[in-house]
Amino acid sequence: MMKIPFKKNIAFTFSTLFLVGLFALSSFNTASAQRFGFIDSQKILERLPEYSQANTELEEMTKQWKAELAKKEQEILDSRTKLEAERVLLTEEMYVEKQKEVQKKEGDLIAYRESIFGANGMLFKKRRELIRPIQDKIMEAVRIVSLQKKLHFMFDKASDLHMLFYDDTYNFTDFVLEELGIQDPNISIDKG
């Protein structure tokens, strides 16, 4: 077994400790230099009139689509009831033919419902069309406030991110609202 001279061993230990300490110090400085903030996007959305208008429009459209679907469902139910009532008067071929017509209407109804409320349906597309510009507007305001306040990271308290603790000092929601041109008369924002 090869023996390392004592002086070299001590020099190696000190240099290793020095590098580890330097790395730890630089990591600490990097971490402490980062600035964080958060907003409450739900509060911001609730204060935007265009978001309220978009939601009202979506609710109205949803109500109309649901009424159309209910009407079509009732028509199918009436057709099926009528078919069963007339069954004794129909030949087997006529009954099967009319039953296929009702089944086709049911299939069309399912497809129509999917085209409205499905994953890529009209409701989804309309929501994206109405909400996307609002989200973009908020994101631009968040970007501006983050740059003005020299923040490195901005979190959203209303998102799925779980904030177990937060100091309200780092809440920049009101700054974003001010950037959007919405200010609560009860809140005074410190420009500093």
Side-chain angles (χ1 to χ4, degrees), residues 37-147 151 153-164 166 171-184 187:
F38 70 91
I39 60 165
D40 184 348
S41 64
Q42 191 59 40
K43 179 180 176 184
I44 294 169
L45 288 172
E46 289 169 0
R47 303 273 311 277
L48 284 174
E50 56 262 46
Y51 181 72
S52 178
Q53 290 168 354
N55 270 337
T56 302
E57 189 175 336
L58 285 171
E59 286 171 11
E60 284 298 318
M61 294 179 87
T62 301
K63 201 170 153 183
Q64 287 176 358
W65 283 324
K66 284 183 176 179
E68 282 179 42
L69 284 169
K71 185 179 174 187
K72 288 177 186 278
E73 284 172 350
Q74 187 59 50
E75 288 172 2
I76 291 170
L77 184 63
D78 291 345
S79 297
R80 185 161 291 284
T81 303
K82 185 179 173 188
L83 177 64
E84 293 306 319
E86 295 174 345
R87 184 174 189 163
V88 291
L89 304 173
L90 301 173
T91 64
E92 186 62 26
E93 290 172 351
M94 291 170 69
Y95 176 76
V96 170
E97 178 93 14
K98 289 193 179 268
Q99 192 175 35
K100 283 182 182 176
E101 289 174 14
V102 172
Q103 288 171 343
K104 182 178 179 332
K105 286 181 184 176
E106 290 171 339
D108 291 346
L109 178 66
I110 291 169
Y112 183 65
R113 182 180 294 126
E114 185 67 23
S115 74
I116 295 172
F117 296 110
N120 258 338
M122 289 191 285
L123 179 61
F124 172 79
K125 289 175 184 170
K126 191 66 181 176
R127 178 175 287 131
R128 187 174 54 194
E129 176 191 320
L130 293 174
I131 302 298
R132 176 63 63 90
I134 297 168
Q135 289 174 328
D136 290 347
K137 187 176 172 183
I138 293 172
M139 290 307 296
E140 179 61 16
V142 167
R143 189 188 69 78
I144 290 169
V145 168
S146 297
L147 290 173
L151 300 174
F153 299 96
M154 182 76 89
F155 298 100
D156 183 5
K157 183 180 150 193
S159 71
D160 289 338
L161 174 71
H162 297 287
M163 296 182 71
L164 302 175
Y166 62 88
N171 185 351
F172 290 88
T173 303
D174 292 330
F175 290 101
V176 172
L177 283 169
E178 183 186 19
E179 186 62 34
L180 292 167
I182 298 171
Q183 190 168 10
D184 187 342
I187 297 173

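Numbers here are sequence positions counted from 1.
Within the 4.5 Å cutoff, no side-chain heavy atoms of Asp40 are placed close to those of Ile44. By the 4.5 Å heavy-atom criterion applied to side chains, Ser79 and Lys105 are counted as neighbours. Side-chain contact between Asn171 and Phe38 is present, with at least one heavy-atom pair separated by less than 4.5 Å. Considering only heavy atoms from C-beta on, Lys104 stays 4.5 Å or farther from Glu101 through its side chain. Val176 places none of its side-chain heavy atoms less than 4.5 Å from the side chain of Ser41.
Within a 6.0 Å sphere centred on CD of Glu75, heavy atoms belonging to other residues, nucleotides or ligands number more than 12. For NZ of Lys98, the number of neighbouring non-hydrogen atoms (other residues, nucleotides, ligands) closer than 6.0 Å is 12 at most.
Glu46 and Lys43 are not joined by a salt bridge, as no carboxylate oxygen comes within less than 4.0 angstrom of a charged side-chain nitrogen. Electrostatic pairing of Arg113 and Glu73 counts as a salt bridge here, judged by a charged N lying under 4.0 Å from a carboxylate O. Between Glu68 and Lys71, none of the side-chain N atoms (NZ, or NE/NH1/NH2) sits under 4.0 Å from a carboxylate O, so this pair counts as no salt bridge.
With values rounded to the nearest 0.5 angstrom, Met139 atom CE is found 11.0 Å from Arg132 atom CZ. Distance OG1/Thr81 to CD1/Ile76: 11.5 Å, rounded to 0.5 Å. Atom CD of residue Glu179 and atom OG of residue Ser146 lie 10.5 Å apart, to the nearest 0.5 angstrom. How far CG of Leu151 is from CD1 of Ile39: 11.0 Å, rounded to the nearest 0.5 Å. Rounding to the nearest 0.5 angstrom, the gap separating the CG atom in Leu48 from the CD atom in Gln135 is 11.5 Å. The distance from atom CG of Leu130 to atom CD of Glu50, rounded to the nearest 0.5 Å, is 11.5 Å.
Each of Lys100, Glu86, Glu84 was evaluated against Tyr95; a single residue qualifies, Glu84, per the side-chain hydrogen bond (donor to acceptor under 3.5 Å, both in side chains) test.
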| side-chain contact (heavy atoms from CB on, under 4.5 Å) assessment of Met122 paired with Met61 | CA-CA 10 Å; Met122 289 191 285; Met61 294 179 87; over 6 Å; no
| Working for side-chain contact (heavy atoms from CB on, under 4.5 Å), residues Tyr51 and Ile131 | CA-CA 7 Å; Tyr51 181 72; Ile131 302 298; 3.7 Å; yes
| field | CA sep, side-chain torsions, deciding dist, call: Tyr112, Asp108, side-chain contact (heavy atoms from CB on, under 4.5 Å) | value | CA-CA 6 Å; Tyr112 183 65; Asp108 291 346; over 6 Å; no
| said: Please determine whether side-chain hydrogen bond (donor to acceptor under 3.5 Å, both in side chains) holds for the pair Asp78 and Gln74, giving the CA-CA distance in whole Å, both sets of side-chain angles, and the decisive distance to 0.1 Å. | reply: CA-CA 6 Å; Asp78 291 345; Gln74 187 59 50; 2.9 Å; yes
| request: Take Lys125 and Glu129, measure what side-chain contact (heavy atoms from CB on, under 4.5 Å) needs, and give me the verdict at the end. | output: CA-CA 6 Å; Lys125 289 175 184 170; Glu129 176 191 320; over 6 Å; no
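Using bins of under 30°, 30° to 60° and over 60° for the plane-to-plane angle, the ring pair Phe172/Phe175 lands in the tilted bin.
Contact between Leu109 and Lys72 at its shortest, heavy atoms only, is CD1-CB, 3.6 Å.
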